[in-house]
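Any value given below was found using the heavy atoms of this structure, including those in side chains, with hydrogens, waters and symmetry copies removed.
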Amino acid sequence: MATTPAPHPQAPPKPTWDPRDPVRPLLRPTIRIRLTLLYGGMFLIAGILLLSIIYLFTAQALSDSTSQLPFKVVNGTVQPTTSWCRLPESPTGDQLNDAVTLCLRHQSDLALDDLLRRSLFALLGLSIIAFAFGYAMAGRVLSPLGRITRTARQVAGSDLSRRIELDGPDDELKELADTFDEMLDRLERAFTAQQRFVANASHELRTPLAINRTLLEVHLSDPGAPVELQQLGKTLLATNERSEQLVEGLLLLARSDNQIIERKPVDLAEVAERGVDQVHAEAEAKGVEIRGERGPAVVQGNGVLLERIALNLLQNAVRYNVPEGGWVEVTTEAKDGQAVLVVSNTGPVVPAYEIDNLFEPFRRLRQERTGSDKGVGLGLSIARSVARAHGGRIIAEPREGGGLVMRVTLPI
């Protein structure tokens with residue numbers, strides 16, 4: 001029974017202004033106009049306040065200077081009222097005028113010093129208030145950018161259903177948010193179509209291969225079948241198995257390109273042990289020794305996919321080894337906040353310029369396309385995709401004397 005697909009969320013509304021209109025963008029509340037008005041108004045208000053405070057301080061200083069003169073007139077004689085105003089005891093007219101002038105000048109200097117000190121304190125207080133108010137207003141103006149950033153981070157975690165849905169004036173930030181929402185809507189549709197295609201391809205490709213395998217196994221189980229027919233059946237069965245591995249590898253590669261949403265604690269030591277158990281028989285058949293100490297290294301991830309990393313690296317290390325006296329060393333450890341899985345092996349000498357090609361699908365050392373019985377050419381590609389999906393990376397280095405050192409680092 002066909003199921004009705006869930007309706008996609010409606011696309012965000014378009015900006016109400018036409019970018020081709022030469023007049024409308026000048027009239028709409030753009031960020032430039034809003035910031036100009038905001039900070040221009042703040043500067044004007046701060047200037048008015050500072051001017052008013054200085055005016056009050058000046059008026060107070062003048063009032064104090066005129067109400068408290070440094071001298072007084074008693075019975076026709078001028079007498080000083082402060083310690084710093086000195087007058088001659090029997091002054092002439094010019095001497096008295098000069099002395100009074102010096103006293104008044106000194107008093108005005110004291111008034112100016114007091115005015116300067118108060119003005120500096122007022123400026124300091126206004127600066128603190130202006131910075132605090134400007135910080136708060138800047139955070140309010142730029143808050144939509146923070147909302148866009150948070151949504152982008154959630155989308156980076158494969159949550160394509162998130163939308164910004166920014167409200168407010170029709171300015172550049174809302175235009176950016178609406179454009180981002182529209183892009184997310186298209187990406188969600190594309191990823192949904194990709195997942196649907198992978199699911200359909202998985203069913204369509206696995207079913208005939210499974211049928212072919214069953215038919216071949218039935219014919220091979222017939223004891224009366226001719227030897228030539230049995231040999232042909234074994235060859236076709238091996239080809240069918242190779243095709244199944246190729247399909248499984250391609251599907252796993254398509255799934256592992258995204259971030260892992262559901263994560264659980266996984267010990268890389270346990271993952272490596274399982275991989276060693278699965279390749280143990282093949283290693284014994286080829287005379288390859290598997291060794292190494294595996295310490296605990298717990299990460300958050302998908303155990304099945306992480307086990308595939310270890311298995312693919314171990315299979316490559318065993319299959320691409322020396323004919324005699326070969327070994328594979330597998331170690332795990334937690335170091336510097338990261339879990340490290342290292343698989344090193346003996347083998348043919350690998351040129352450094354060939355390392356990057358090993359991680360490309362269907363690429364092997366000195367061999368562009370698949371053409372051997374050692375695999376389908378997707379092992380390292382899948383391992384790199386799984387490591388990236390877990391936020392880690394995989395690095396390959398040539399080992400001195402031949403072989404490779406594969407190092408997988410994952411965040412703890």
Between [atom1] of [X] and [atom2] of [Y], what distance do you get to the nearest 0.5 Å?
X      : Y      : atom1 : atom2 : answer
Ile211 : Arg206 : CD1   : CZ    : 14.5 Å
Phe43  : Ile45  : CZ    : CD1   : 12.0 Å
Asn212 : Glu217 : CG    : CD    : 11.0 Å
Phe180 : Asp185 : CZ    : CG    : 12.5 Å
Leu236 : Gln231 : CG    : CD    : 10.5 Å
Leu311 : Arg274 : CG    : CZ    : 12.0 Å

Closer than 4.0 angstrom, basic N to acidic O: yes or no for [X] and [Y]?
X      : Y      : result
Glu182 : Arg163 : no
Asp113 : Arg117 : no
Arg294 : Glu273 : yes

Would you find a donor on one side and an acceptor on the other, under 3.5 Å apart, between the side chain of [X] and the backbone of [Y]?
X      : Y      : result
Asp267 : Ala297 : yes
Asn240 : Leu209 : yes
Ser221 : Val218 : yes
Thr346 : Val322 : no

Tell me the closest heavy-atom pair linking [X] and [Y], and the distance in Å.
X      : Y      : result
Thr332 : Ala272 : CG2-CB, 4.1 Å
Val318 : Ala283 : CG1-CA, 3.8 Å
Val386 : Leu306 : CG1-N, 4.3 Å
Ile53  : Ala122 : CG2-CB, 3.7 Å

Within the 4.5 Å heavy-atom criterion, are [X] and [Y] side-chain neighbours or not?
X      : Y      : value
His390 : Arg263 : yes
Val330 : Val342 : no
Leu314 : Val276 : yes
Val271 : Ile309 : no
Val328 : Glu289 : no
Phe359 : Ile394 : yes
Gln338 : Asp336 : no

CA sep, side-chain torsions, deciding dist, call: Arg147, Ile164, side-chain contact (heavy atoms from CB on, under 4.5 Å):
CA-CA 7 Å; Arg147 186 173 175 180; Ile164 301 175; 4.2 Å; yes
State whether a side-chain donor-acceptor pair under 3.5 Å links Gln315 with Gln278.
no
Test side-chain contact (heavy atoms from CB on, under 4.5 Å) on Leu50 and Leu123 and set out the steps.
CA-CA 7 Å; Leu50 184 60; Leu123 179 61; 4.1 Å; yes
Determine, stepwise, if the pair Leu380 / Asn312 fulfils side-chain contact (heavy atoms from CB on, under 4.5 Å).
CA-CA 7 Å; Leu380 293 182; Asn312 288 354; 5.9 Å; no
Derivation and outcome, side-chain contact (heavy atoms from CB on, under 4.5 Å), residues Leu120 and Leu124
CA-CA 6 Å; Leu120 289 177; Leu124 179 61; over 6 Å; no
Only pairs under 3.5 Å count here: list side-chain donor-acceptor contacts from residues 398-410, not counting sequence neighbours, and write none if there are none.
| residue | atom | partner | partner atom | Å |
| --- | --- | --- | --- | --- |
| Arg399 | NE | Asn345 | O | 3.3 |
| Arg399 | NE | Gly402 | O | 3.0 |
| Arg399 | NH2 | Gly402 | O | 3.2 |

